[in-house]
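In what follows, a single structure is set out as structure tokens and then discussed.
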Amino acid sequence: MTDVATLHAAFAGHIAAALDALEAAGTLPHGLNRANVAVEPPRDPAHGDLATNAAMVLAKPAGTNPRALAEALVAELTKLPEVTSADIAGPGFINLRIDRSAWLTELRAIAALAGDYGRSTMGGGKMVNVEYVSANPTGPMHMGHCRGAVVGDALATLLEFAGHRVTREYYVNDAGGQVDVLARSVHLRYREALGEAVGEVHEGLYPGDYLVPVAQELAAEFGDKYVAAPESEWLVTFRARAVAAMLVMIRADLALLGIHHDLFSSEAELQAAGKPEQAEQWLRAHDLVYDGQLEAPKGKTIEDWEPVELPLFRSTRFGDDQDRPIKKSDGSWTYFGADLAYHFQKAETADALVDIWGADHAGTVKRIKAAVAALTAGSGKEKPFEIKIVQMVQLLRNGEPVKMSKRSGNFVTLADVVQEVGKDVVRFTMLTRKPEAQMDFDFAKVVEANKDNPVFYVQYAHARIRSTLRKGAEAGFAPSDAALERLGEEELELIKLGAQFPRLIEAAAAAREPHRVAFYLYDLAGALHAYWNVGNDRPEKRFIVAQDAQLTGARLYLAAQIGQLIKNGLALLGVEAVEEM
RNA sequence: GCGCCCGUAGCUCAGCUGGAUAGAGCGCGAGACUUCUAAUCUUGAGGUCGCAGGUUCGACCCCUGCCGGGCGCGCCA
């Protein structure tokens with residue numbers, strides 16, 4: 001990475017330096033928390049290029065009033081050569097105007113940093129573990145998994161770009177009852193592969209045809225050895241083979257979306273290593289697990305409910321409505337029991353944990369966070385642990401809900417959707433809504449080629465730029481920073497919007513919200529299109545002005561940098577920046 | 001019954017961790033364009049930020065209580 005400071009980083013530094021100066025002069029006490037000091041463009045551009053709330057945030061802890069502090073800050077900031085004016089507004093905002101040469105310098109910074117423009121050291125190399133997808137290995141990926149997969153993957157990329165070291169992890173639930181059902185389902189298909197007429201697949205088993213290939217392999221390898229054998233003889237083998245086959249399929253499905261995990265962690269291995277026992281032991285020693293009776297579930301009546309004594313985690317202490325079992329009555333671990341040990345294990349190597357979960361698991365957030373917080377605190381390795389919930393996606397076709405039949409296992413697969421609308425459309429669309437809000441995904445709308453469609457709009461902006469650069473090259477014009485001073489106010493506005501990219505990256509990463517990148521790109525594309533449209537009626541406002549090579553060079557240089565920004569942003573979302581459409 | 005999420009323009013949604021006069025697209029009104037700088041453009045109207053309190057210099061944002069919608073609530077995963 002080239003050593004070029006972006007305007008955003010430079011001004012964060014300038015404000016900090018000004019505050020340091022005030023501390024040295026005794027105007028400001030030492031050691032104030034500056035975490036809430038922000039430097040950002042004011043909402044109303046008429047107020048200036050940059051604004052800081054430093055005086056308002058620090059006035060109270062400093063025991064002074066905002067305007068007095070602001071005046072002292074302004075005195076420092078006006079010393080900077082690139083600051084043309086610094087005014088105090090409202091309750092104590094400081095509005096700065098930046099010399100246009102600084103914006104042109106920023107444009108050169110984009111060119112110099114290219115794919116690294118916007119990259120941040122904010123994360124300080126901290127190891128963040130992002131766990132996402134983690135679908136049960138019992139079948140292909142379907143649309144229910146899609147949103148979490150895309151959000152998790154984009155978040156992981158974003159965090160990397162913001163200076164974290166990231167592990168993309170998939171937790172494989174290969175130890176529960178569902179993988180036994182999988183093994184039995186494959187056994188049925190195995191008998192079928194050997195010529196037996198198995199008829200309708202039993203209700204409790206997985207009916208999907210995707211089990212046929214692995215069953216055929218087993219048939220070819222073992223012949224009829226296990227046809228009549230008791231389950232105990234084949235279950236372990238069939239289960240292992242089936243899970244392995246399902247994971248191959250799941251990886252292939254995820255690859256269609258450009259998603260590749262670094263680590264697949266096995267629940268069965270975790271249990272074999274005795275991790276849940278260790279966790280239980282500690283929790284018991286600290287009175288967080290006890291043997292008790294589970295209450296009957298609320299809100300519905302269960303006829304055969306019988307209280308039994310189980311090891312329970314005291315989740316009621318943490319806001320849950322009842323204590324939760326970590327083991328079943330047969331002595332095996334519940335999902336929760338294994339999961340808390342799993343997260344504890346992850347916390348041993350990572351500096352922070354982020355899980356992406358579907359809304360159907362939202363009810364279990366409190367208990368797992370409480371258990372993990374207790375375990376990590378107990379070992380002196382308390383780690384931030386966030387769980388991001390992604391809400392349901394309703395599939396529509398021309399406004400009508402897409403029917404899904406659960407009975408036959410006839411769900412809409414991720415592969416089908418990617419095949420129909422393409423990877424880029426799926427990924428971008430999943431990111432044009434904050435994850436905690438429900439969303440509609442209309443097959444008809446997401447592929448429309450018009451400005452209502454954000455995917456198209458952003459990709460088109462990039463293609464337009466690339467096409468312009470090609471046309472310019474054909475006519476003998478190359479982007480050049482030799483005469484950037486020829487750029488006018490309209491161009492400057494575009495640069496100012498572009499210069500927000502580094503700040504946006506840090507804010508989005510800190511909030512763990514990759515969708516902000518998508519919305520920013522939509523804004524940037526809109527600004528580019530608007531600028532372009534002026535040239536429709538006024539040829540002298542086009543990027544290529546044949547009789548003015550100097551101006552054309554400067555405008556193409558601007559175009560190239562905006563294109564670079566869009567490309568960088570799309571890369572974070574895992575969407576291709578196309579050359580033409 | 002309980003928990004979590006959502007509620008912002010007619011519709012679909014943003015709103016940068018509490019900042020300045022709450023934004024965009026669609027739709028609607030008015031005008032322009034008949035085109036490869038193509039897959040439209042310009043402009044206007046449109047708001048009790050679900051409701052009611054509270055916290056403070058300041059609230060769409062935080063707290064409490066309601067209302068409406070979604071998801072979930074067995075030792076399943």
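These values consider heavy atoms only, across backbone and side chains, with no hydrogens, waters or symmetry-generated copies. Below, chains carry the letters A, B, ... as their sequence lines are ordered, and counting in each starts from 1.
Base contact: A:A511 has a heavy atom under 4.0 Å from a base atom. When heavy atoms are screened at a 4.0 angstrom cut-off, A:A89 is found touching base atoms of the nucleic acid. Residue contacts shown for A:D339 are absent, as no nucleic acid heavy atom lies under 4.0 Å away.
Listed by first and then second residue, the side-chain hydrogen bond (donor to acceptor under 3.5 Å, both in side chains) pairs involving residues 32-42 of chain A are A:D20-A:R34, A:E23-A:R34, A:E40-A:R503 (not counting sequence neighbours).
Minimum atom distance to the side chain of A:L310 is reached by B:C75, of the listed B:C75, B:A20, B:U12. Here the side chain of A:K434 is nearest to one of B:A77, B:G7, B:A20, namely B:G7. Among B:C16, B:G72, B:A77, the nucleotide with an atom closest to any side-chain atom of A:R516 is B:C16. With B:G74, B:A14, B:A77 as the choices, the nucleotide that has an atom nearest any side-chain atom of A:N136 turns out to be B:A77.
Under the ring-ring contact (aromatic ring centres under 6.0 Å, His included) criterion, A:F313 pairs with A:F318, A:F336, not counting sequence neighbours.
Here B:U37 presents its C1' atom at 13 Å from CD of A:E540, a figure rounded to the nearest Å.
When the P atom is used for both B:C63 and B:G72, the distance is 25 Å, rounded to whole Å. Annotation: B:C6 and B:G53 have their P atoms spaced 23 Å apart (nearest Å). Nucleotides B:G23 and B:G44, compared at atom P, are 14 Å apart to the nearest Å. Between B:C5 and B:U40, the two C1' atoms lie 39 Å apart (nearest whole Å). B:A9 and B:C49 are spaced 10 Å apart, taking the C1' atom of each and rounding to whole Å. B:U21 and B:G58 have their C1' atoms separated by 15 Å, with the value rounded to a whole Å.
You'll find a donor-acceptor pair under 3.5 Å spanning the side chain of A:S329 and the base of B:C75, going by distance alone. For A:R324 against B:C75, a side-chain-to-base donor-acceptor contact under 3.5 Å is absent. Residue A:H515 places no side-chain atom within donor-acceptor reach of the base of B:A14, judged by atom type and a 3.5 Å distance cut-off alone.
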Below 3.5 Å between N/O atoms, which protein atoms pair up with nucleotides 39-41 of chain B? Just atom names and distances, please.
unit_1: B:A39; atom_1: O2'; unit_2: A:A449; atom_2: O; d: 2.8
unit_1: B:A39; atom_1: N7; unit_2: A:Y460; atom_2: OH; d: 2.2
unit_1: B:A39; atom_1: N6; unit_2: A:Y460; atom_2: OH; d: 3.4

Could you list, one pair per line, each protein nitrogen or oxygen that sits under 3.5 Å from a nitrogen or oxygen of nucleotides 65-69 of chain B, together with the distance?
none

Enumerate all atom pairs, one protein N or O and one N or O from nucleotides 22-24 of chain B, separated by less than 3.5 Å.
none

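Salt-bridge formation is not detected for the pair A:D320/A:K366: no Lys NZ or Arg NE/NH1/NH2 atom is positioned less than 4.0 Å from an Asp or Glu carboxylate oxygen. A salt bridge between A:E474 and A:R470 is absent, with no side-chain N of the basic residue lying under 4.0 Å from a carboxylate O of the acidic one. Of the charged side-chain nitrogens involved, none lies within less than 4.0 Å of a carboxylate oxygen, so that A:E169 and A:K346 do not count as a salt-bridged pair.
A:Q178 and A:T138 are not linked by any side-chain donor-acceptor pair at a separation below 3.5 angstrom, with hydrogens and angles left out of the test. Side-chain N/O atoms of A:D355 and A:Y171 include no donor and acceptor closer than 3.5 Å.
Nucleotide B:U35 has no partner under the Watson-Crick or G-U criteria, as no pair reaches both atom distances under 3.5 Å.
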side-chain contact (heavy atoms from CB on, under 4.5 Å) between A:L573 and A:L521, intermediate numbers included: CA-CA 10 Å; A:L573 308 183; A:L521 289 176; 4.0 Å; yes
Atom pairs and distances, donor-acceptor, side-chain atoms in residues 429-438 of chain A, under 3.5 Å, two or more places apart:
unit_1: A:T429; atom_1: OG1; unit_2: A:V425; atom_2: O; d: 2.6
unit_1: A:T432; atom_1: OG1; unit_2: A:T429; atom_2: O; d: 2.8

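Aromatic rings from A:Y342 and A:Y335 are positioned such that their centres are separated by 6.0 Å or more. Taking the six-membered ring where the residue is Trp, the centroids of A:F441 and A:F443 are separated by under 6.0 Å.
With centres under 5.5 Å and a plane angle under 30° as the test, the ring of A:H361 is not stacked against the base of B:G72.
The number of heavy-atom neighbours closer than 6.0 Å to NZ of A:K126, taken from other residues, nucleotides and ligands shown, is 12 or below.
From A:L294, atom CG reaches atom CZ of A:R324 across 7.5 Å, with rounding to the nearest 0.5 Å.
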